[in-house]
Amino acid sequence: MTLQAVPLHPVFAAEISGIDTTHPLSPDDVAAVEAAISHYAVLVFRNQRLTDEQQLAFSRGFGALEETRGTGISKPGEQRLHPAFADVSNIDKDNQLLARDNRRRLYGLGNMLWHSDSSFKMIPAKYSILSGRVVASHGGETQFADMRAAYDALDDATKTEIEDLVCEHSLIYSRELLGFDDLTPEERATMRPVRQRLVRTHPGSGRKSLYLASHIGTIIGWPVPEARAFIRDLMEHATQRAFVYAHKWQPYDLVMWDNRATMHRVRRYDNTQPRDMRRTTVAGTEMTAPQAEPVAA
Ligand SMILES: [Fe+2]
């Protein structure tokens, strides 16, 4: 079949048909999806009743996957899903709802802040692929913001000022914003800040984008308060309504986005109902900026 795309928003995001994600994609299908995501940045595939194995196979068609082991706060034996899944559900491995004060749940509330997946890794993520197995009956939308449109709308002086700026990203910074700061020394060590350019150029579209996230703690060479005030300004600019598509989940939606061109956040939902969302993440292939010091793999 041939991929068809119907835009969902004036500047980005499209609903895709003609692709069956439950079967391995042909090289032509992979190329068509990559062309579509280079253009639209967010792709919505409706009614994709995937098993975990099918989601892994579909995702691996686009490159190596990130493993979540060692980057979150779940301990070995606590994980509900294969380590190539980021479990963004509100249930545990016994399918019980997480308690309100559950540490994994509180940590996961960081997903309510605007971010780009894995910007806290030296080699940040390329695509995220999120399958809605059990969706919230109300709330729980995922909002996306187009960082290319946000960049394009900046004035020329700001574009010039930010062109070569480099930011520090860490999970420590985003969790501190919510008052989640009871991290162990071992967790803090795994969350050591990494450096990312503030302006990226997308290899597929050639478009520049703002590489923003709530994981940013400072701009290299700037006083921290000035950096945080400026980043906050840019975040407000970049998430204004004209640049935001809100995805309202239907069961078995599969949403794929390009972390190099978008930010996203989840909206509040009823935590007394299960919400089972499973994310696979296609790894990036390169750093956006030199790091402060060599870090052992
Ligand atoms: Fe995310």
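Read the numbers this way: they start at 1 and go in the same order the structure lists the ligands and their atoms.
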A.B. asks: Going by atom types only, do T21 and Q54 share a side-chain donor-acceptor pair under 3.5 Å?
C.D. replies: no
A.B. asks: Is D20 reaching over with its side chain to a backbone N or O of T22, donor-acceptor style, under 3.5 angstrom?
C.D. replies: yes
A.B. asks: Check Y151 against L210 and note the closest heavy-atom contact, atom names and distance.
C.D. replies: CB-N, 3.9 Å
A.B. asks: Between Q55 and F85, is there a donor-acceptor pair closer than 3.5 Å when you use the side chain of the first and the backbone of the second?
C.D. replies: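 Not a single qualifying donor-acceptor pair exists.
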A.B. asks: Within the side chain of H169, is there an N or O that forms a donor-acceptor pair under 3.5 Å with the backbone of A213?
C.D. replies: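 Such a contact is absent between H169 side chain and A213 backbone.
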A.B. asks: Is the centre of the H9 ring less than 6.0 Å from the centre of the F144 ring?
C.D. replies: no
A.B. asks: Can you list the protein N, O or S atoms less than 2.8 Å from the Fe ion (ligand 1)?
C.D. replies: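 Listed by chain and number, the atoms are H115 NE2, D117 OD1, H264 NE2.
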